[in-house]
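Lettering follows sequence order; numbering is per chain, from 1. Note that the coordinates shown come from a computational prediction; the quantities given were computed from them, not determined experimentally.
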Amino acid sequence: MPAAITRVKGKIPIENSYTSGLAGEKTLKAIKEHGEFIGTSCPTCNWTYFPARMFCERCFSRILENDKSVGPEGTLEAVSLVNIDQSGKKTKPYYVGLIKLDKADTKLLHHIKGAKGLVPRPGARVRPVFNSPDKRRGSITDILAFELV
Amino acid sequence: MRKVAIIGIGALKARPKSPELSYKEMTYQAAKLAYQDAGIDPQELQSFVTLAEDIHEGTSIFDEYTPDQLGSAQKPMHTITHDGLVGLADAAMQIASGLFDLVVVEAHSKASNIKNKADIEAYALDPNWVRPLGIPAHALAALEAACYIKESGVTEEALAEVVSKNKGNAKSNHLAAYPKSVTLKDFRGSTSRCSPLRDIETAHHADGACVIVLAGEERAKANGAIPVWIQGFGWATETSAIDSKTWDKAVYATAAAKKAFRMAGIADPQKEISLLEIDDTYAFKELQHLEAIWIFERQSAWKKTLEGATAIKGKIPVNASGGCLGMGEMLEAKGLYQVHELVTQLRGKAGKRQVENAKRGVALAWRGVPTSSGACLVLGRQPQ
Ligand SMILES: [Zn+2]
């Protein structure tokens, strides 16, 4: 019996550039050039965003010029032990976590490095591990991970 | 505002794969069921709404691919990239405003044709701040679960009970793709791709199609089928950013339900709702959503679940259909399958899983990771 004809296959490469914007550039430049975290703050809402934003999502004020230095240390709010990569394929387990950087009101998602024999847990203090200055490209991945203090 | 009713429903059985049917043929079959249920001639239909997302369909400008399978060539038609409940609200407004009398809403899932689901989920992550980290979208759901567990004190037993209840309910639903008896031992033995989420508490995708026919009051009353009335609806997005969203509470659900309940005149949700179909893409989401829309107090949904309050015979049945865990995760059609169940229940036609004295039902859909978007719909046997 001839095989059933049920489908054809298709694929197409999708490539985009994503503009950092004035606010994104501010944050990425500070990471790349100084290993510092610069966010922006809304005085009306008393709320600090990291990464920086041009406008406050709560009151819609322009806050681009209102720089605020945050972190570099922070507190872990939640942790997940992950066994898959971004395509869903099995990998060596690694930790990711939500970090509340000191002086920021937002949460940052990043990789968490456990110290020897220490499992990262909510409430733990963490600090950033930066790539060496010559290797930084102006990306969130210029921070390699956060490690337990 | 004119009153609006649902007069016809049609859905295909959800299943993990549907290799012999194209999405158009699936939609056509669901539409035939719905039009037959409503007792209408497709020629009478006036306007159409589809819910679909280009990247799930595998074609750009998917709205170009829609009218014919609903019998809507040459008629007003548009596509929305959101959950089915938003399309239902759209259709209800088209009628309430007086523009049309008969409007159709459609959504489908052909998830089995998506070869790289994880990549597509990752493509939804913020391209500047999140996607470069190489972290899968599933990990964001896991972190949300971790935050909710910390907030609510929910136990493993309660999460297992949600899975067991929903997959168990699915056993008496002929439309469900994943009926199963699940024990606490099964739950504890389940693997985990991203802790603390176990794979058994994560809904699996399924294929299907669902079509709903709406009519204005006069048309609905003149029709043979028993109308189920749209009493209220609302939708909301908390924010698009994962850095500023609330991780432990479903703020979008609270905002959407607030609008829907006000429109429906619901003052006390605990007393005035007979049953709910609530997004349970992950088991914890059912509990988090129930607290977000005032069905249970904060930190108590898990206790009430263990007491059996949300079982079909409980005080306030939740996901009698089997929910996403039992039915399957149906992409944009999630909310329409919820509506299909509520209409069946409010008509008293749910058979073995019939909720006694069902007068008013609430559906709550969530758009999934990484969103903080949701929609709520209130349906009743009476217009209000
Ligand atoms: Zn503000």
### Query
Measuring heavy-atom distances to chain A, does B:N113 have an atom under 4.5 Å in its side chain, in its backbone, in both, or in neither?
side chain
### Task
Heavy-atom distances under 4.5 Å only: say whether A:Y95 touches chain B with side chain, backbone, both or neither.
neither
### Task
Tell me, yes or no, whether the heavy-atom count around A:K113 atom NZ, taken from other residues, nucleotides or ligands under 6.0 Å, exceeds 12.
no
### Message
Counting only non-hydrogen atoms closer than 4.5 Å, does B:K117 touch chain A with its backbone (N, CA, C, O), its side chain (CB onward), both, or neither?
### Response
neither
### Message
I'd like to check A:N16 versus B:P127 (side-chain heavy atoms, cut-off strictly below 4.5 Å). Are they in contact?
### Response
no
#### Entry: Contacting moiety of A:T27, where chain B heavy atoms sit under 4.5 Å
side chain
### Query
Of all heavy-atom pairs between B:W129 and A:L28, which one has the smallest distance, and what is that distance?
CZ3-CD2, 3.4 Å
### Message
Restricting to non-hydrogen atoms, name the atom on B:A139 and the atom on A:V82 that form the minimum distance, rounded to 0.1 Å.
### Response
CB-CG2, 3.9 Å
### Query
What heavy-atom pair brings A:I14 and B:I55 nearest, and what distance separates the two atoms?
CD1-CD1, 4.5 Å
### Task
Could you go through the side-chain contact (heavy atoms from CB on, under 4.5 Å) check for B:W247 and A:E77 one step at a time?
CA-CA 10 Å; B:W247 282 80; A:E77 295 235 328; over 6 Å; no
### Query
In terms of heavy-atom pairs under 4.5 Å with chain A, which of B:R131, B:K150, B:H138, B:E144 leads?
B:R131
### Query
Hey, does B:I135 have a side-chain heavy atom less than 4.5 Å from the side chain of A:H111?
yes
### Task
Of all the heavy-atom pairs spanning B:C147 and A:A78, show the shortest one and how long it is.
SG-CB, 3.7 Å
### Query
Out of B:P132, B:A142, B:A146, B:S195, which one racks up the most heavy-atom pairs below 4.5 Å with chain A?
B:S195
### Task
Please say whether more than 12 non-hydrogen atoms of neighbouring residues, nucleotides or ligands are located less than 6.0 Å from OH in B:Y123.
yes
### Contacting moiety of B:L140, where chain A heavy atoms sit under 4.5 Å
side chain
### Task
Measure distances from A:R53 to the heavy atoms of chain B and classify the residue's part below 4.5 Å as side chain, backbone, both or neither.
side chain
### Query
If you count the non-hydrogen atoms of other residues, nucleotides and ligands that lie under 6.0 Å from CD in B:E64, is the total more than 12?
no
#### Entry: Winner by heavy-atom pair count (cut-off under 4.5 Å) against chain A, out of B:D248, B:V130, B:T239, B:L125
B:T239
### Query
Would one find more than 12 heavy atoms of other residues, nucleotides or ligands at under 6.0 Å from atom CZ of A:R125?
yes
### Task
Against chain A, label B:S22 side chain, backbone, both or neither, depending on which of its atoms sit under 4.5 Å from a heavy atom there.
neither
### Message
Atom OH of residue position B:Y28 - does it have more than 12 heavy atoms of other residues, nucleotides or ligands inside 6.0 Å?
### Response
no
### Task
Please test A:I84 against B:C194 for side-chain contact (heavy atoms from CB on, under 4.5 Å), starting from the C-alpha separation and ending with a verdict.
CA-CA 8 Å; A:I84 49 171; B:C194 300; 4.2 Å; yes
### Task
To the nearest 0.5 angstrom, please state how far the CG atom of A:L109 sits from the CG atom of B:D243.
10.0 Å
### Query
A:T6 and B:P19: which non-hydrogen atoms are nearest, and at how many Å?
CB-O, 3.6 Å
### Query
How about B:K24: does its NZ atom have over 12 heavy atoms from other parts shown lying under 6.0 Å from it?
yes
### Task
To the nearest 0.5 angstrom, please state how far the CD atom of B:E20 sits from the CZ atom of A:R7.
11.0 Å
### Message
Nearest 0.5 angstrom please: B:K115 NZ to A:K11 NZ, how far?
### Response
12.5 Å
### From A:L144 atom CG to B:L133 atom CG, the distance as rounded to the nearest 0.5 Å
11.0 Å
### Message
I'd like to know if the side chain of A:N83 and the backbone of B:S192 have a donor-acceptor N/O pair within less than 3.5 Å.
### Response
yes
### Task
State the NZ-CG distance between A:K89 and B:N116, to the nearest 0.5 angstrom.
8.5 Å
### Query
Within a reach of under 6.0 Å around CZ of A:F130, are more than 12 heavy atoms found that belong to other residues, nucleotides or ligands?
yes
### Message
Is it the case that over 12 heavy atoms from other parts of the model lie below 6.0 angstrom from the NZ atom of A:K100?
### Response
yes
#### Entry: Structural part of A:P122 lying under 4.5 Å from a heavy atom of chain B
side chain
### Task
Find the distance between OG (B:S244) and CG (A:D105) and round it off to the nearest 0.5 Å.
10.5 Å
## Note on the structure
Whatever's closer than 4.5 Å to a heavy atom in chain A on B:L197 counts as neither
